[in-house]
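Sequence lines set the chain letters: A, B, ... in the order given, protein chains first and strands last, and positions in each chain run from 1. The structure displayed is predicted, hence computed values, not measured ones.
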Protein chains: 2
Amino acid sequence: MATLADVARRAGVSTATVSRIINNSPKPVADALRERVLAAVDELQFVPNANAQQLARAHRSAVGVIVHDVSDPYFAEITRGLQRVATDHGRLVIICNSYRDPERELAYVDLLHAHQTAAIVLAGSGYHDAPVTARLDRKLRLYESTGGRVAVIGRHQHAGDAIVPENEHGAYLAGDALYRLGHTAIGVIAGPRHLTTTTDRLAGLRRAARDHGRRLTTRHIEYADFDRNGGAVAAGALLDRHPNLTALAALNDSMAIGALATLRHRGLDVPGRISLIGFDDMPISVDVTPALSTVRLALEEIGVRAMSLALREPDGEGARVEHATAQLVLRDSTAPPPGNGTRARRPGTP
Amino acid sequence: MATLADVARRAGVSTATVSRIINNSPKPVADALRERVLAAVDELQFVPNANAQQLARAHRSAVGVIVHDVSDPYFAEITRGLQRVATDHGRLVIICNSYRDPERELAYVDLLHAHQTAAIVLAGSGYHDAPVTARLDRKLRLYESTGGRVAVIGRHQHAGDAIVPENEHGAYLAGDALYRLGHTAIGVIAGPRHLTTTTDRLAGLRRAARDHGRRLTTRHIEYADFDRNGGAVAAGALLDRHPNLTALAALNDSMAIGALATLRHRGLDVPGRISLIGFDDMPISVDVTPALSTVRLALEEIGVRAMSLALREPDGEGARVEHATAQLVLRDSTAPPPGNGTRARRPGTP
DNA sequence: AGCCTCTAGGAAAGCGCTTACCTAGGAGGC
DNA sequence: GCCTCCTAGGTAAGCGCTTTCCTAGAGGCT
């Protein structure tokens, strides 16, 4: 493996000169020399050792991203936004999947810290687990104290800047839409209990119920994994328990799509017999049949904004918190309950 | 930022001892010392500088993954497999999106090389661009010559081990199935011309046509981007050109789903009026209506196998090439053409 | 012609770690 | 009781770069 010194020897110059040339530093270098060095670099197929560069240089460059799971479309979208901005700034992105395991998340923070990344973006729900949260917080602060930048997506606590999606408000919108359509027997397909996203969205649904003079009982809520299969299973459980449900609200689109499969399987027409609404507005949600009513979170844009925060120069004004708006998107999976005279309300896709 | 030396000073020992303790090297250390050091590490919140470690250490640890786009479900699935194996081996994965740009791919190979990753996994179609391919090849070989391991997915050329999906064979199966159902007017929604995956799959379709005494004319092929929108546009173009098509073969599922949207939009019943078949069997393909007939590639497994290759000890027997089998999955989007007496053949989902 | 000022390029000191090699002291053998 | 052999721990030489500081020579000025 060729080193800087090899190149220098080959070109008959000092390592300092080679270094200046390959990093095209402002220091002027004679053209003849420059060419000789470049030729040597080429002949030796020299690739500078990035670890050595990082060590010797003061500034940091790469940025780390910790998400629950990139292969989940929700995070895939966010990640796309994160990447775009990072790439535009010439930054390398290191993506880490925590698979919703807080311990792994902690380990990754250490790891990114150790690798001297310029920033860490933490995307995904927080946990209802005080000790873990506190530990995370400490690590993040420590990282910040060494000059690292932190941006979190979707959690309130912790250090650094934050993008917080309107989870409560969005869920309120979804619930409100269902009640307005005339539904009274609504089942909720919730995510894992220990995730704050679950409780935030549930809270919105509860508030909508209250506003319509109803209450969401625990027996109408089924907790499951935030994925397709979780949704399928939860829908089944809910239906077994309350055969007369006329609407299902899923706390994300993946679960809603799973629920849709269960409903289809059981021969329940959507939205004729039962309405279904999701959350997130994943790209695929328009392609299922019926097209899914949902709450839109501009996922890619959230990524873009988060990375912009992570890359901004700290202005000494402390952490910045931005909200990401949620927006109701009524498509074809919601309608008035059967037997309700109200005429179908189908604003369609905007 | 605390360094090893700070910890050593604090604990009143040498840096060598601290290093040994935090890396729990085999060298024995008295318990009293170990505790003192660990306490110091804790008090100082010491996080070792990974760059310095990498530089000083001989062995490499992280592995780099270059994919076209993680947010594309095809790559998301593969990546999931890659990650799982890497994590099981305690390796950090660095994911890089090339966004199908060969130049960016080249740059990422350099970058991963520079960062001294232990292996590079390159996933995604190759390019019909000899100069670029040659450059990539050279870079990869250079990387290998410095001890890096290389594994590629879905391309024939290049250095290192390879997993090659049966693109030609899979497409043959799809085409064959359509012809057997009695279709004669088949339109093909192809990916970008310069990708080898496109030409490989097209070749399979061509062979199927030949075997059934037909020919695939260029006018029956529409090239587009390998994504949902590409499929939607291409389907429209094809239908405009040949209104009597009774079947559409898309070269991947994303395009097929886009095509489905166009067909729905135009009021063409699938599969009653027109059949549709995809390729890849993405998880979402069962959830669209009608459920998509397709060719299954065990994506996650491909990722698992690729990472296993990348992490294996080179055995001196040279590059290993493994094939990933393609398997026909007939679901609800394919049927005999309208007016054909043959009774519907619907093996359903396995 | 002599002196001063620039400028291009080199020497060398780190960056924060790992590890081969060395040393001092204690245990054990005779 | 002295010598040898371990062993726990320390010393210091790198790993491959960047960058500060320095030097030598060229050119300009009077």
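For the segment residues 12-31 of chain B, residues with any heavy atom less than 4.0 angstrom from an atom of DNA chain C are, sorted by number, B:A16, B:S19, B:R20, B:N23, B:K27. The stretch residues 45-53 of chain B touches DNA chain C through B:F46, B:P48, B:N49, B:A52, B:Q53, each having a heavy atom within less than 4.0 Å of the strand.
Between the side chain of B:N23 and the main chain of B:S19, a donor-acceptor pair closer than 3.5 Å is present.
Of the candidates B:D227, B:D225, B:D72, B:R100 forms a salt bridge (Lys or Arg N to Asp or Glu O under 4.0 Å) with just one, namely B:D72.
Ion pairing between a basic and an acidic side chain is recognised when a charged N comes within 4.0 Å of a carboxylate O; B:E105 and B:R155 show such pairing. Under 4.0 Å is where a charged nitrogen must lie from a carboxylate oxygen, and between A:R141 and A:D137 at least one such pair does. Of the charged side-chain nitrogens involved, none lies within less than 4.0 Å of a carboxylate oxygen, so that A:E313 and A:R149 do not count as a salt-bridged pair. A salt bridge links B:R135 with B:E103: at least one charged nitrogen is closer than 4.0 Å to a carboxylate oxygen.
No donor-acceptor contact under 3.5 angstrom links the side chains of A:S25 and A:R20, judged on distance only.
By the 6.0 Å contact criterion, CZ on A:R138 is open, its count of non-hydrogen atoms from other residues, nucleotides or ligands being 12 or less.
The aromatic rings of B:H194 and B:Y127 lie parallel to each other, their planes meeting at an angle below 30°, with 60° marking the opposite boundary.
Atoms CD (B:Q116) and P (C:dC17) sit 18 Å apart, rounded to a whole Å.
Of all the heavy atoms in A:T117 and A:L112, the pair that sits closest is OG1-O, 3.1 Å.
Using a 4.0 Å cutoff to heavy atoms of chain B, the contacted part of DNA chain D runs 5' to 3' from D:dA8 to D:dG16.
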